[in-house]
Amino acid sequence: MSTNHGQAASPAPVASPASLPGFAADLAGADRCVLCGMCVPHCPTYAMQRMEGDSPRGRITLMQGLAQGRLEPDNERLRGHLQGCLGCRSCEAVCPAGVRFGELMDTSRRILREHPGGAWRTLPERLFGPWRRLALRRRPVRRMAALAARAVHRIGLRRLFPASSRLGRVLRHTGPSLVRMPRLARLADASRADVWLFTGCMDAFFTGPDSAATLELLHALGIRAGVPPGQVCCGAMDQHLGRTDAAAALQRENEVAFGGTRPILVLDSGCEAQLREYPGDAWRERVTSLTGFLAQLPVEDFRWRSDPVRVALHLPCTLRNVTRESDGIRRLFERLPGIALAALIPPQNCCGAAGTAMLTQPAMADPLGQATLSALEAAEPDVIVSPNVGCSVHLRALQQRGGTGPRIVSPARFLRERLASPGT
């Protein structure tokens, strides 16, 4: 792996140990990973590009050059390789040395963001940053933005923007998944809640019906769920784009909003992964997925529909590589009547959604997504169930391009549909 392009004669390190504690030390400890290479076959970007700089091993070498000042953060090839990582953490899941690649990548992107290398790179943040921060914290702002997005999609204004443009891609790709957010039922006395529900920042755009279905499902099972009004975005988007200070601020707000000891149920695997990585063992023990929570209950004792349905389970990267709950969701579905899980073509890899990558890196995201969708649909399921909103949005958009296919729904909506009607 060559790292000599774009070097200055006597560069100063771009980050000091005081500003980024532990980064250089962690990278120094990753040397054994660079010599190993077991992660390389599991990296989706390396599989497509076949370039060492797009492998975990190559990216760690570049991070080391960045931290040591041997590579400048405004080097375009360096930025391309580091920003091209999808953050799937498949490399981390198979690393025998336990290298925390996700943390290293987040810190590297923080360095790139703090050293943009040109005023034009900071312009989008100056223009849209305040609105983004408001939307991540305030549901009314998200509702207005979602209403505008649905109106644009409904009247076809997306056709005014080329499909190759960033805005054109956003409007076309998210359009098939836009839904109106229903009003959520609230407990009259929140202090009596058995669990808290984390709704996330995509509620006004895509996942509002998932939250409503969860509340209905839990109510039918005799579980009282509260929705803390002070909750905000989990911070994953900011964290993985290098805005670590903004992510930490969101974390602090959520810790206040979800005070106490009640379990915190999370519907999206990406949000769950981020919430679980907040510091503190007591906090982490409270965070669980909806399916993980239900798996601890005697679900066989509840009334479910028994008509046959064939399900293809999509297992997102965050589920496989971070929360490690792939077996749990599978076992839960196998315990319910009438459900037949379709056998999928192994191995499953990243679908390319990767947070915002499906919007910013279509050349990478679309082939990966199409491969995932083809594998899921090859099993001829009646429904595809995915516990990640980004993956669902991405796969749904690709599915619509090809015509029709099985519905793609969240576990919450699927399980709500499988509840038996009263009197049956």
Side-chain angles (χ1 to χ4, degrees), residues 124-155 157-158 166-167 169-186 196-215 225-241 243 246-258 264-275 290 353-360 387-394 396-397 409-410 412-413:
E125 180 64 18
R126 292 201 303 269
L127 290 176
F128 302 112
W131 292 102
R132 185 196 74 249
R133 290 189 288 273
L134 266 178
L136 296 183
R137 286 178 165 84
R138 301 289 181 261
R139 183 172 288 133
V141 177
R142 295 198 294 274
R143 284 184 180 274
M144 289 189 293
L147 178 63
R150 292 197 304 272
V152 166
H153 184 70
R154 188 178 302 115
I155 63 181
L157 285 181
R158 65 188 182 279
R166 177 69 60 83
L167 185 55
R169 169 74 176 187
V170 170
L171 294 176
R172 286 169 172 80
H173 214 66
T174 61
S177 295
L178 290 170
V179 292
R180 183 177 176 275
M181 180 178 177
R183 186 175 298 277
L184 300 182
R186 302 278 180 173
W196 290 132
L197 177 63
F198 182 83
T199 56
C201 62
M202 292 292 105
D203 49 359
F205 297 92
F206 313 118
T207 62
D210 300 336
S211 296
T214 299
L215 293 176
V227 183
Q231 64 178 293
V232 295
C233 171
C234 68
M237 188 186 310
D238 282 327
Q239 179 73 24
H240 303 317
L241 291 178
R243 297 187 284 258
L250 294 169
Q251 170 196 316
R252 290 190 292 271
E253 292 189 48
N254 278 325
E255 288 172 339
V256 172
F258 289 92
I264 303 170
L265 305 193
V266 191
L267 307 184
D268 179 79
S269 64
C271 295
E272 184 192 358
Q274 180 70 11
L275 291 170
L290 171 66
T356 59
M358 62 179 171
L359 306 177
T360 61
N388 185 278
V389 58
C391 299
S392 298
V393 169
H394 185 45
R396 207 174 281 125
V409 299
S410 67
R413 294 182 72 176

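FYI, the numbering just counts along the sequence from 1.
Checking side-chain atoms of R186 against main-chain N and O of V227 turns up a donor-acceptor pair under 3.5 Å. In terms of modelled atom types and a separation under 3.5 Å, the side chain of D210 and the main chain of A412 share no donor-acceptor contact. Of the possible polar contacts, one joining the N254 side chain to the V232 backbone as a donor-acceptor pair under 3.5 Å is found. A donor-acceptor pair under 3.5 Å is absent between the side-chain atoms of R413 and the main chain of P209, judged by distance alone. Judged by distance alone, the side chain of R143 and the main-chain N or O of A204 form no donor-acceptor pair under 3.5 Å. R169 places a side-chain N or O within donor-acceptor distance of the main-chain N or O of M358, the cut-off being under 3.5 Å. A donor-acceptor contact shorter than 3.5 Å is absent between the side chain of E272 and the backbone of L290. Between the side chain of Q251 and the main chain of G235, no donor-acceptor pair closer than 3.5 Å is present.
The nearest pair of heavy atoms linking H173 to A397 is O-CB, 3.3 Å. Residues R150 and V179 share a closest heavy-atom pair of NH1-O, 3.6 Å. The minimum heavy-atom distance linking S269 with N388 is given by the pair OG-ND2, 3.1 Å. Among all heavy-atom pairs drawn from A353 and G390, the shortest one is CB-O, 3.5 Å. Nearest approach of Q231 to L197, heavy atoms of both residues: NE2-O, 3.2 Å. Taking all atoms of both residues into account, the shortest heavy-atom contact from L178 to F206 is CD2-CE2, 3.7 Å.
Between M181 and R139, some side-chain heavy-atom pair lies under the 4.5 Å cut-off. At a threshold of 4.5 Å between non-hydrogen side-chain atoms, the residues T207 and D268 do not count as touching. In this structure the side chain of D203 never reaches within 4.5 angstrom of the side chain of L184, judged on heavy atoms. The shortest distance between side-chain heavy atoms of L267 and T214 falls below 4.5 Å. Between R166 and T360, the closest side-chain pair of non-hydrogen atoms falls below 4.5 Å. Side-chain atoms of F198 and C271, non-hydrogen and from C-beta on, do get closer than 4.5 Å to each other.
Taking CZ from R243 and CE from M237, the interatomic distance works out to 7.5 Å, rounded to the nearest 0.5 Å. Taken to the nearest 0.5 Å, the CZ atom of R396 stands 11.5 Å off from the OG1 atom of T174. Atoms CG and CZ, on L167 and R172 in that order, are 9.0 Å from each other to the nearest 0.5 Å. The structure places OG of S211 at 12.0 Å from CE of M202, a figure rounded to the nearest 0.5 Å.
Taking the six-membered ring where tryptophan is involved, the planes of F258 and W196 are perpendicular, since the angle between them exceeds 60° and thus also 30°.
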